[in-house]
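The structure under discussion appears below in the form of structure tokens.
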Amino acid sequence: MKCFDCATHGEASSAVAVCAGCGAGLCLEHAHVNPRWLTMTTAINRTVSVEPPARVVQCGLCAHADEAAAHPAAPANRRGAKARP
């Protein structure tokens, strides 16, 4: 399998991982590896994080989309609409 992002730039690199979001093949240069905190429920329905964190491999697009979903920016103004003070 070849890296999808490299192929879009006309290069050919072997994929070493698959994006957890979209399934694209990724080389080491384009793979974003982030921690994914798993949780478990203990007595009295208390949720605690499990150590160590798991990892998730994503392409740049899916990594940025997850980041945007976690920290949404202010909505953009519509074309022609005046900004409110």
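Only a predicted model underlies this, so the values are computations on that prediction, with no experimental measurement involved.
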Enumerate donor-acceptor pairs with a distance under 3.5 Å from any side-chain N or O in residues 8-19 to protein atoms, sequence neighbours excluded.
| from | atom 1 | to | atom 2 | distance (Å) |
| --- | --- | --- | --- | --- |
| Thr8 | OG1 | Asp5 | O | 2.6 |
| His9 | ND1 | Asp5 | O | 2.8 |

Which donor-acceptor pairs under 3.5 Å do side chains of residues 52-68 form with protein atoms, sequence neighbours excluded?
| from | atom 1 | to | atom 2 | distance (Å) |
| --- | --- | --- | --- | --- |
| Gln58 | NE2 | Asp66 | OD2 | 2.5 |
| Glu67 | OE2 | His71 | NE2 | 3.4 |

In residues 26-44, what donor-acceptor pairs under 3.5 Å come from side-chain atoms, sequence neighbours left out?
| from | atom 1 | to | atom 2 | distance (Å) |
| --- | --- | --- | --- | --- |
| Thr42 | OG1 | Arg46 | O | 3.1 |

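Applying the under-4.5 Å side-chain rule to Ile, Leu, Val, Met, Phe, Trp and Tyr, the cluster around Phe4 consists of that residue alone.
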